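Small disclaimer: the values here were computed from a predicted structure and weren't measured.
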Amino acid sequence: MDINLTCNQVSALMNFYMENRLNPELKNCMDMHLQKCPICRKRFLELENALSLRKKRQNKNLNTMFNRELIANLSAYIDNELNSGDNIKIKKMTITNPQTRKKLETMYRFQKLLHSAYERTKSENKFDCSKNIISALNNGTDYTTTFFTKILILFCTLVIAIIAGFIYLYF
């Protein structure tokens, strides 16, 4: 079937044509009209360029938003603090995005560096403060009680000294 479409009809069908929602016969008629008519072809190309530019901007905004969320979760990912769904998202993103993979590798190197610095410091000092504090807490040593007792004794001594001074002065 060979139908000659008018420019108005082509304009009305342009969106359907771009979304590939026309039947094959009508699509062929649109193709023929766009080949023959420079005005409609120009309009079609402008619309196509505008839509592709919009899609690029939209994808860029989504990627930027996703990257911010991803970067915020990278530390939690490294420390195994995310649920399985978020872990899978980050794994997919690191596989497909070289920049994200680079950031993740940098964070792993930084974590390894921190761990080695901690181990080196710990072995150099041969003194583990956290272990001593935990053992003191487990032994029941209550530093607040002994400190309070010392202050109470000091206060009582001062009060007795002041009273003794008044007694000495008046008698």
Query - side-chain contact (heavy atoms from CB on, under 4.5 Å) involving I88 - partner list, sequence neighbours excluded - result: K92
**Report entry** Beyond-backbone contact of R41 with L45, side-chain heavy atoms, under 4.5 angstrom
**Finding:** yes
Working to the nearest 0.5 angstrom, can you tell me the gap between [X] [atom1] and [Y] [atom2]?
| X | Y | atom1 | atom2 | result |
| --- | --- | --- | --- | --- |
| N28 | N23 | CG | CG | 9.0 Å |
| M32 | N4 | CE | CG | 6.5 Å |
| C40 | Q35 | SG | CD | 13.0 Å |

Query raised in the report: I163, F155: one ILVMFWY side-chain cluster at the under-4.5 Å cut-off?
Result: yes
Query raised in the report: Are I160 and L152 connected in the hydrophobic side-chain network, where two residues link if heavy atoms are under 4.5 Å apart?
Result: no
Distance-only donor-acceptor hits, side chain of residues 7-19, under 3.5 Å, sequence neighbours excluded:
{"unit_1": "Q9", "atom_1": "OE1", "unit_2": "T6", "atom_2": "N", "d": "2.9"}
{"unit_1": "Q9", "atom_1": "OE1", "unit_2": "T6", "atom_2": "OG1", "d": "3.4"}
{"unit_1": "S11", "atom_1": "OG", "unit_2": "C7", "atom_2": "O", "d": "3.1"}
{"unit_1": "S11", "atom_1": "OG", "unit_2": "R43", "atom_2": "NH1", "d": "2.5"}
{"unit_1": "Y17", "atom_1": "OH", "unit_2": "D31", "atom_2": "OD1", "d": "2.2"}
{"unit_1": "E19", "atom_1": "OE1", "unit_2": "R21", "atom_2": "NH1", "d": "2.7"}

Query raised in the report: When you look at CD1 of I39, are more than 12 heavy atoms from neighbouring residues, nucleotides or ligands closer to it than 6.0 Å?
Result: no
**Report entry** Nearest non-hydrogen partners of L26 and L22, listed with the distance
**Finding:** CD2-CD2, 3.8 Å
Query raised in the report: Do any pairs count as a ring-ring contact (aromatic ring centres under 6.0 Å, His included) and have a residue in residues 19-38, sequence neighbours left out, and if so which ones?
Result: none
